[in-house]
Amino acid sequence: EFPLAANFARQGVACALTGKADRIDLRRFALNPPPEKKGRGGKNGNTAGGKDTNAAHGKIPAGAGNAAHGKGAAHAGTAAGESAPGLIILDYKTGRLPSLSPGFWDDRELWRRLREWRPGQEASSGPEGSPASEASGGAFLLRDLARRLESVQLPLYLLMHSLCAADDLPPGGLDASGRRIPALDAAWIDLGDSGEEKTLFPKDFSRDRRAEIVEKTIPELLYFLLRHMLESNALVPHPGKHCDWCSCAKLCMLSSPFI
């Protein structure tokens with residue numbers, strides 16, 4: 001049992017995570033990659049760039065883990081020096097790709113706010129930008145998080161893979177000596193446009209930095225979201241196009257002063 005589930009179990013809440021990835025590839029990740037140059041790497045600096053990156057992945061069947069040793073897998077970071085193997089979890093998208101703000105994983109202030117959030121701050125926060133709001137995070141914290149990271153799908157995939165017992169790992173999850181191969185990145189593949197990859201982590205993140213995020217930072221993210229759902233005094237709406245097809249629109253507190 002992992003700590004997050006144990007914490008919720010003490011509150012009488014069962015916590016279970018399930019998911020199905022489209023594909024898992026074996027790649028190589030640089031131990032000390034050079035800083036990434038600005039203006040390269042596509043949107044948000046995280047995309048593979050180019051018009052046909054699927055060709056680089058080789059002919060690999062869909063299904064979680066089926067491609068862990070597929071032919072043609074890219075070997076990122078080999079030109080920068082020493083590298084080590086790792087897995088990348090891939091998800092196919094035919095529509096718009098979720099947004100991810102540059103610098104999200106290194107935003108110390110945002111992660112501090114997530115760690116320090118406590119129930120009741122929504123009701124006590126002042127207007128946006130006021131000292132009360134900035135000090136507590138308040139009702140704007142969840143909105144700020146959503147603007148920086150539009151989807152938690154890929155982070156959760158990485159977390160779930162890291163929590164899998166060896167016997168539950170998908171094919172190709174162990175190396176020749178029987179040791180597990182860590183999942184060190186995840187990406188959306190844009191099937192509806194260029195076929196490019198939009199990775200969760202910047203290309204210049206080292207192997208150790210990626211592992212640190214999977215083991216420490218992503219659990220903090222999930223812990224905040226689940227605590228907020230269970231303990232928040234108010235679930236403040238965030239109006240947008242999604243409201244057009246939301247079944248709760250008529251009951252929504254759209255007149256909230258926190259919007």
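Note: hydrogens, waters and symmetry copies are ignored here, and every other heavy atom, side chains too, is used. Since we're looking at a predicted model, the values are computed, not measured.
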*side-chain hydrogen bond (donor to acceptor under 3.5 Å, both in side chains) involving Gln153 - partner list, sequence neighbours excluded*: Asp91, Lys93, Tyr157, Trp188
*To the nearest 0.5 Å, tell me how far Leu97 CG sits from Asp193 CG.*
8.5 Å
_Using 0.5 Å steps for rounding, measure from the OG1 atom of Thr94 to the CG atom of Leu191._
7.0 Å
*Can you tell me how far the CG atom of Leu87 sits from the CZ atom of Arg180, to the nearest 0.5 Å?*
9.5 Å
_Note, Asp106 side chain near Arg108 side chain (heavy atom, < 4.5 Å)_ = no
_Quick check for you: to the nearest 0.5 Å, what is the distance between Phe205 atom CZ and Glu212 atom CD?_
9.5 Å
*With a cut-off of under 6.0 Å to the ring centre and 45° to the axis, is Arg227 in cation-pi contact with Tyr223?*
yes
*State, with a plain yes or no, whether a side-chain heavy atom of Leu142 is found less than 4.5 Å away from one of Asp144.*
no
*Is there a side-chain contact between Leu114 and Glu220, using heavy atoms and a 4.5 Å cut-off?*
no
_So does Phe201 get a backbone contact from the side chain of Asp185, meaning a donor-acceptor N/O pair under 3.5 Å?_
yes
*Heavy atoms, side chains only, cut-off 4.5 Å: are Ile218 and Leu222 in contact?*
no
*Only counting residues at least two apart or in another chain, list the ones meeting salt bridge (Lys or Arg N to Asp or Glu O under 4.0 Å) with Arg179.*
Asp175
*Can you check whether Trp111 and Phe104 have ring centres sitting under 6.0 Å from each other?*
yes
*Looking at side-chain heavy atoms only, is the closest gap between Asn32 and Arg207 below 4.5 Å?*
no
*Working to the nearest 0.5 Å, report the span between CG of Leu225 and CG of Leu149.*
8.5 Å
_Would the distance check show the side chain of Ser162 and the main-chain N or O of Leu159 forming a donor-acceptor pair, the cut-off being under 3.5 Å?_
yes
*Glu82 vs Arg28 side-chain heavy atoms within contact, under 4.5 Å*: no
